[in-house]
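We count ligands from 1, going down the list as the structure has it; atoms in each ligand are counted the same way.
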Amino acid sequence: MAIDYSQLIPNNVDLSSDRRLQRALENWQPRFLDWWKDMGPDGTSAFDVYLRTAISTDSNGWANFGYVKMPEYRWGIFLADRDPNREIAFGDNKGKPAWQDVPGELRSTLRRLIVTQGDTEPASVEQQRLLGKTAPSLYDLRNLFQINVEEGRHLWAMVYLLHAYFGRDGREEAEAMLERHSGDPDKPRILGAFNEATPDWLSFFMFTYFTDRDGKYQLASLAESGFDPLARSCRFMLTEEAHHMFVGETGVGRILQRTCELMKEHRTDDVRSLGGIDLPTIQKYLNFHFSVSLDLFGQEASTNAANYYTQGVKGRFLETRIDDDHLLVNANYEIDTVEDGRIVRKAVPALQALNERLRQDYIDDCAKGVLRWNKTIERAGIDFELSLPHRAFDRQIGAFAGMRVSPTGKVLSEAEWNAHKDHWLPTDEDRAYVTSLMGAAVTQPGKYAHWIAPPARGINNQPVDFEYVRFN
Ligand code: BYC
């Protein structure tokens, strides 16, 4: 479905046929732009950035490349095409036609999920707002900005739903989305990971690998929703999300490659003396970002999750491809939980375990990239393996919150934890070292900071020394 760009707000939802809604969103638009100016990428309004912009939601049109000044980016409302025969695939309403409007009894549940999803999008832009100052290359700078404008668009996706389907409450929630800020002590973002700082590029790549991947799994579950406009919004958002995780995986991969080159060339493990990021530090950052992202899936046993499913509001990952009754009333699922201070495996009603099931799908996916990273280390002939820490390691949400658990899953005393935690999580000194590498942005086409290898290929078949950002 082609996107109408003649409108103030580009869209494929026939916005001009609903003047009230159009006016309400046109009122929100300048507030969004003010927020972008204040909280978006710092000092970048004059840059021409080689960005992709969607011109239609099909496979030919969603990736259209050209130079754009970011404040002029055409943020808009793009839903995947409607399937007129779509049925709800799970829960008590299974087999009924997907809802084109919000069922009254599900109003507050749906609003809450949409607000939680929407809140993460501007949060990540806020977290990343200073990274451009220390970009390791034009290629990386452009990727950062691509992610930022698309997270902005994902906010638009959720704000459209709030305005179109939730009346005055929805409009108020849309305003509040621009009033909470990442890390703000008075008005923080809703979910923990989105109040953490992203102060350096190793953190950024870990965030886009691990935390954006939570986005993939949450969006995929919401793409199964019985509320069709939400499902269609999320389906299109997922298309864009893939690039964000690509940036994370290849970013960490390129740091590893550079580290291994330095180790081999100088026959030493002491990479810091050579201005690289040593492998143990990379493992510590991985541990931190993985466990913070695991928290985003909520409690292991959750009545909320059971209700979302039974009501047809939020499904499982690839729900329609799973071969079972899609009701789960009589099914069990095994989860790790805590009993008497020990981690035990236990069967619980499958409906309650849906957060944990999604978390497991996510962990399996995370592990694939770690295998690829390890291949890079192995190819260099270096004896070191990265690994995902145990799911109970350093958790703040769920059954393991507050427990002391090693990366291999051993329950520890407070004293044991204190004796080892600096080997497992980034210390102030590690963070200071990584930050010290983030010098002024590298702005010469084809040049890369010392601590990261160039990418294997450029964006949209452009060479790696292409002028991805023009500073004017
Ligand atoms: N932090 O029953 P539970 C993305 C609360 S990322 C703080 O497990 P539920 C992106 C919870 O609210 C994807 N609080 O809850 C990535 C509940 O509170 P109440 C974002 C938390 O609802 C990168 C209580 O604890 N999308 O897109 O089953 C860049 C009980 O918990 C947290 C979504 O998250 C937490 N981490 O599960 C840009 C999808 N976890 O009821 C973007 C929408 C739980 O006691 N959200 N709590 O007051 C959801 O599906 C659910 O809200 C959650 C939580 C899965 C997050």
**Asked** Among protein heavy atoms, which lies nearest atom 7 (C) of ligand 1, and at what distance?
**Response** Ile190 O, 3.8 Å
**Asked** So which protein heavy atom does atom 6 (S) of ligand 1 come closest to, and at what separation?
**Response** Asp214 OD2, 3.2 Å
**Item:** Interfacing atoms of ligand 1 (cut-off 4.0 Å, heavy-atom, Glu121)
**Value:** 27 (O), 38 (C), 42 (C)
**Complete:** Of Met237, Gln352, Gln299, the residue with the heavy atom nearest atom 25 (O) of ligand 1 is Gln299
**Request:** Would you please determine whether Tyr217 falls within less than 4.0 Å of ligand 1 on a heavy-atom basis?
**Result:** no
**Message:** For the 3.5 Å polar cut-off, considering only N or O atoms, please tell me whether Glu151 and ligand 1 meet it.
**Reply:** no
**Asked** When only distance counts, is Asn355 in polar contact with ligand 1, meaning an N/O pair under 3.5 Å?
**Response** yes
**Request:** Look up atom OH in Tyr139 and atom OH in Tyr448, then write down how far apart they are to the nearest 0.5 Å.
**Result:** 7.0 Å
**Request:** Record the part of Phe194 in heavy-atom contact with ligand 1 below 4.0 Å; permitted values are side chain, backbone, both and neither.
**Result:** side chain
**Identity of the nearest option to atom 54 (C) of ligand 1, non-hydrogen atoms only, from Gly398, Ser124, Gly298, Ser293** = Gly298
**Asked** Looking only at protein heavy atoms, which one is nearest to atom 26 (N) of ligand 1, and how far off is it?
**Response** Gln117 OE1, 2.6 Å
**Item:** Nitrogen or oxygen of Glu241 less than 3.5 angstrom from that of ligand 1
**Value:** no
**Message:** I'd like to know if Glu87 pairs up with Lys96 as an ion pair, taking the criterion as any Lys NZ or Arg NE/NH1/NH2 lying under 4.0 Å from an Asp or Glu carboxylate oxygen.
**Reply:** no
**ligand 1 contact on Gln218 by region, counting heavy-atom pairs under 4.0 Å** = side chain
**Request:** Identify, for atom 51 (C) of ligand 1, the protein heavy atom at the shortest distance, and state residue, atom and that distance.
**Result:** Leu113 CD2, 4.2 Å
**Prompt:** Against heavy atoms of Gly192, which atoms of ligand 1 measure under 4.0 Å?
**Reply:** 1 (N)
**Request:** Test salt bridge (charged side-chain N to carboxylate O under 4.0 Å, His left out) on Glu249 and Arg372 and set out the steps.
**Result:** CA-CA 9 Å; Glu249 179 171 339; Arg372 285 190 285 269; 2.5 Å; yes
**Item:** His154 and ligand 1 - part of the residue with a heavy-atom distance under 4.0 Å
**Value:** neither
**SB check Glu172 Arg168 (cutoff 4.0 Å)** = yes
**Prompt:** Can the ring centroids of Phe227 and Tyr165 be said to lie less than 6.0 angstrom from one another?
**Reply:** yes
**Fill in**
Out of Ile147, Thr208, Val125, Asp295, the nearest non-hydrogen contact to atom 36 (N) of ligand 1 is supplied by Asp295
**Message:** Going by ring pair (Phe, Tyr, Trp, His ring centres under 6.0 Å), Trp75 matches just one of Trp28, Tyr160, Trp36. Which one?
**Reply:** Trp36
**Asked** What protein heavy atom sits nearest atom 32 (C) of ligand 1, and how far off is it?
**Response** Ile397 CD1, 3.6 Å
**Prompt:** Should you measure from each heavy atom of Leu191, which atoms of ligand 1 turn up under 4.0 Å away?
**Reply:** 1 (N), 32 (C), 34 (O), 35 (C), 36 (N), 56 (C)
**Message:** For a 4.5 angstrom cut-off between non-hydrogen side-chain atoms, does Phe288 reach Arg431?
**Reply:** yes
**Structural part of Thr116 in contact with ligand 1, heavy atom criterion under 4.0 angstrom** = side chain
**Fill in**
re atom 15 (O) of ligand 1, the protein heavy-atom contact at minimum distance is Asn304 ND2, 3.4 Å
**Nearest protein heavy atom with distance in Å, relative to atom 16 (C) of ligand 1** = Thr211 O, 3.3 Å
**Prompt:** To which protein heavy atom is atom 56 (C) of ligand 1 closest, and what is the distance rounded to 0.1 Å?
**Reply:** Leu296 O, 3.5 Å
**Fill in**
So for Arg112 against ligand 1, with non-hydrogen atoms under 4.0 Å, the contacting part is side chain
**Message:** Below the 3.5 angstrom mark, is there an N/O of Ser302, backbone or side chain, next to an N/O of ligand 1?
**Reply:** yes
**Item:** Reference residue Trp156; test ring pair (Phe, Tyr, Trp, His ring centres under 6.0 Å); the match among Phe32, Tyr73, Phe236
**Value:** Phe32
